[in-house]
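Following: one structure in C-alpha cells, then a few remarks.
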Amino acid sequence: MSDLSQTVLSVRNLQVSFRGGDGLVRVVHGVDFDLKAGETLALVGESGSGKSVTSFALMRLLPDPPRSQISGHVSIGGVDLLALSDRDMEKMRGPRIAMIFQEPLTSLNPVHRIGDQIAEAIRFHRKMTRREIEARVLELLKLVGIPEPAKRMRAYPHELSGGMRQRVVIAIALALEPDVLIADEPTTALDVTVQAQILDLLRELQTRTGMAMLFITHDFGVVAEVADRVMVMYSGRIVEEGALDDVLARPRMPYTRGLLASVPRLETAGLDTGPLGTIEGFVPSPNALPPGCSFAPRCAFAQEGLCTSAMPELAAHGQPHHPVRCVRAADPALCADLQELQP
Amino acid sequence: MTRLKPLIETLGLSKHFAVRQGLLGRATGAVRAVDEVNLRIHRGEVVGLVGESGSGKSTLGRVMMMAEPPSSGSVIYDGYDIAASTPRQLHPFRRKMQMVFQDPYSSLNPRMTVEDSLTMPLRFHQPEMSARARRDKAAEVLESVGLSRSTITRYPHEFSGGQRQRIGIARALMVDPEFIMADEPVSALDVSVQAQVLNLFSEIRTRLGLTLLFVTHDLAVVGHIADRVAVMYLGQIMEIAPTRALFAAPAHPYTETLLSAAPDPVLGRNRKRIVMKGEPPSPMNPPSGCVFRTRCPYAVTACAQARPLLVERAPGHATACIRDDITLTPAVRDTPKLQAHA
C-alpha cells in the first residue's frame, strides 16, 4: 500500500472551454485540488455545474481542439497529463488513472465476452502470457465479487445484471492498479440495494489497494457514504471544500446550504415537516454568467454591490480547512442565519 | 381515514406478460409482473409504491389506470369495476384518473405548443367547451403550477426539466381529476428542482383534495410525500403501512434491506447495512412460497411452502411474512429529533 499522506493527483487552474455556435464558452473556470493516496474526494454538483467535464478533462477524453480547449496542470507523479502526447497519455490511462462511468452497458462492448474485455486492458500495457492474463482476469472477477468467475468470464455484457456489469467495469478500471480512480456517478443507474453493494465494494477495494478516488455525484446521500472530503461545484467553479462532516453538517456557502435543505431526509419520513427547501431561479447559462458571484442572483443572502461586483475567491474566511467562495462567509449576520438553519 | 370507502381498490389484480421465443413465437412462459395484488387507496390519501426495477410497481400503476388491461382481477373505482368495463363505459373514468410520467420531455409532443398539449385532453373530455374557454383554463392551470401565462405559446424544448414536469402536471390537472398516478415523476430531476416539484405535488394535493399514487424507487421521496407506503417485490406487495411506521418499525425483511441501503446525508455510513445475498430470481420462474426467501436472511424451510398472505400486524400495518418472531432494524427511531425551527 502506498503512503497515505502522499499527494497522487494535483490539479491546478484547470480551465475548459468549448467552441459552440456563440464562439468559445468557458465551462470550467480554474479548478484546483489535491488528492491523496487512499482518500475519497467527492465532487458534488447539479447538472451543468461542470463536474463531469472536469473529470473528462482529467482523463483527456474531451474532443480535440479547436472543439474544446483545456489549460492548467494535471499532475500525477510529477507528470503533467495535459502536456503529454496522445500516445503517452494512453500509457497513463489504466496504470496511473482510470475511470468508471454511470451506465455500465454503454462502457462495455456488447459483442465481446467480458473476460476478453478485461484481458484487452491488461494486454495493452503488460507483457504477459495468455495463461498469466487469464489468471489475472479470474483474480479480478473474484476481487469485484462476481460469482462463478470462470463461467462468467465467457459471458457477454447483456447476459449480466446492471450491478454485475458495473462490477465488470470496475474490474477493467482496476486491472492495472491505478493510483487514481475517477468514478463518475457510478451508481446512479442502479437500484439502491445494488448501489449499496457497489459502494461497499469500492470502499473495500480502496482499503486494499490504497488508490485515491475522485467520486462525482449529485447525491448527498451517496457522498455521506463514501467521501472523506467534499468539493461543491457551481457554474464551473469550486464554491466550497472541506471534510465530509464539516460540509454536510456545517455548510458555509448559501448554495450548499440550499442544496442540502432540498434533500428529503429519512429521519423525518412520515412526519409533517412542511415544504422542502428550494433554490429560486436557474443555473445560469455558461455564456451568460451574471457579474460577480455566479450564485448571487439566486442567493437569499446576496447584497447588491458586495456580491455582484467581483467573483469571490475560494477563501478560508476564518476556517483554513473549509474554504468557501462567498464574501459574506465570515459576516456574523450570515453565520447566524446559517446556524439557525441547522437541524 | 380507513373507515371511509376506498376511492380505488384492486382485488386479486394480476398482469402477466407472455414470453415468446423461437421462430414461431410460441409462448414459452409468462412473467408475473403483477401477481394478485390487493391495494386500497382512500379519497384524499397519498400512497407511495416503492420497489426496485422489475418489482412491477410501474405495471401495477399502469394497470390500475387501465392503461393496460389486467390479466385477471378487478380494479374498483368509486364502486365500479373498471376492469370489466367497455371502452365507452370507461370514458368518464379516464377524465377522473390522470397520469404524470418520469420524463416530461418524451411525454410531451415536441411539435405541439404548451397550449395544444394542455387543451388536447379538454377537446376529448369536454368537446362542448369553446376554444377560448379552453385557452383561458390552460393559462389558469399553468399559473397554478408556477409557470407564467405567457409560456402558453412556447414549445417543450424551450423549458428546463423542472418546468417540463410542471407542464406534465398541468396537463394532468386540466380535466379536474380526482386521482393521479405519478410514475417516478422526480427521478430525472436535479435535487433542488426535485424539491420544487415535490412541493408542488404537496400543494396541489392539499388545494385540490387529490388522491395520489406515487410510484418511485426513492424511499426518502415517499417518506416525504406519502401517507402510506406499499413495498413491492417481484410483482407482490410485501408490506404496507402508514409511512412513519414503515420507517420506524418495518415488519418485512425486504423493507429492512431497502431501508438499510437507502442513502441519506445524515445517517451516512454509520449504519448496519444488510447486503442481499445472491442474484435476483428470474421473474419467469419465481421461487416457490415466499418470492423473497432466496435472498432473505431470515428464511426458514416453511417459507418455501406457501405464499405468505398480507396480514395486518398493527392497525393499518400489514406484512406478507410468516416470521412474526423476528425484530427488524428500523431506519429511524420513533422519537425523531425535530428541526429547531419546525
Side-chain angles (χ1 to χ4, degrees), chain A residues 45-49 147 160-164 187 189-197 199-200 203 217-227 244-245 248-249 255 258-280 282-283 298 340-343, chain B residues 51-55 160-163 190-196 198-199 202-203 217-227 229 242-248 257-269 273-276 278-280 295 331-333 336-342:
Chain A
E46 296 188 280
S47 30
S49 61
L160 303 179
S161 66
M164 286 298 148
T187 59
L190 305 174
D191 275 326
V192 278
T193 54
V194 182
Q195 165 169 286
Q197 291 166 2
L199 295 179
D200 281 351
R203 267 207 302 266
T217 179
H218 68 281
D219 186 335
F220 275 109
V222 171
V223 170
E225 302 265 349
V226 296
L244 174 72
D245 290 343
L248 258 54
Y255 174 63
L259 273 186
L260 280 163
S262 66
V263 181
R265 305 296 174 92
L266 293 180
E267 260 186 326
T268 53
L271 300 177
D272 187 8
T273 47
L276 294 165
T278 54
I279 304 172
E280 293 305 313
F282 305 101
V283 177
R298 309 177 67 189
E340 200 184 309
L341 288 167
Q342 293 301 318
Chain B
E52 297 188 280
S53 41
S55 63
S160 68
Q163 290 173 319
D190 270 321
V191 270
S192 67
V193 182
Q194 170 177 302
Q196 293 169 3
L198 283 175
N199 288 346
S202 302
E203 193 264 320
H217 71 282
D218 191 325
L219 280 160
V221 164
V222 285
H224 179 75
I225 194 124
D227 302 315
V229 179
T243 305
R244 190 67 192 173
L246 189 98
F247 284 79
T257 307
L258 271 187
L259 290 174
S260 84
D264 184 85
V266 178
L267 304 175
R269 69 179 94 171
R273 168 89 49 71
I274 298 148
V275 176
M276 266 203 286
E279 291 266 305
R295 313 199 73 191
V332 291
R333 269 172 293 140
K337 192 177 68 181
L338 282 172
Q339 305 218 344
H341 67 289

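Throughout, protein chains are lettered first and strands after them, A, B, ... in sequence-line order, and every chain is numbered starting at 1. Both backbone and side-chain heavy atoms feed into the values below; hydrogens, waters and symmetry mates do not.
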Side chain / backbone / both / neither for Ser202(B) at chain A, heavy atoms under 4.5 Å: neither
Atom group of Glu203(B) that falls short of 4.5 Å from chain A, counting heavy atoms: neither
Distance, nearest 0.5 Å, that separates CG of Leu248(A) from CZ of Phe220(A): 6.0 Å
Which atoms of Thr193(A) approach chain B - backbone, side chain, both or neither, heavy atom under 4.5 Å: both
Top contributor to chain A interface from Gly54(B), Ala331(B), Pro242(B), Ser53(B) [non-hydrogen pairs under 4.5 Å]: Ser53(B)
Check: Glu52(B) side chain, Leu190(A) main-chain N or O, donor-acceptor pair, under 3.5 Å: no
Arg203(A) side-chain N/O to Glu225(A) backbone N/O, donor-acceptor pair under 3.5 Å: yes
Contact leader toward chain A among Thr243(B), Val191(B), Val221(B), where contacts are heavy-atom pairs under 4.5 Å: Val191(B)
Interchain contact, Asp272(A) with chain B, by part (heavy-atom threshold 4.5 Å): neither
Pick from Ala196(A), Gly270(A), Ala269(A), Gly163(A) with the largest number of heavy-atom pairs that fall under 4.5 Å of chain B: Ala269(A)
Spatial distance of atom CG (Leu219(B)) from atom CG (Leu258(B)) [nearest 0.5 Å]: 5.5 Å
Selection from Pro147(A), Pro264(A), Ser161(A) maximising heavy-atom pairs under 4.5 Å formed with chain B: Pro264(A)
Validation row: Pro263(B), Asp219(A) side chains within 4.5 angstrom (heavy atoms): yes
Polar side-chain atom of Asn199(B) near backbone of Leu276(A) as donor-acceptor pair, under 3.5 Å: yes
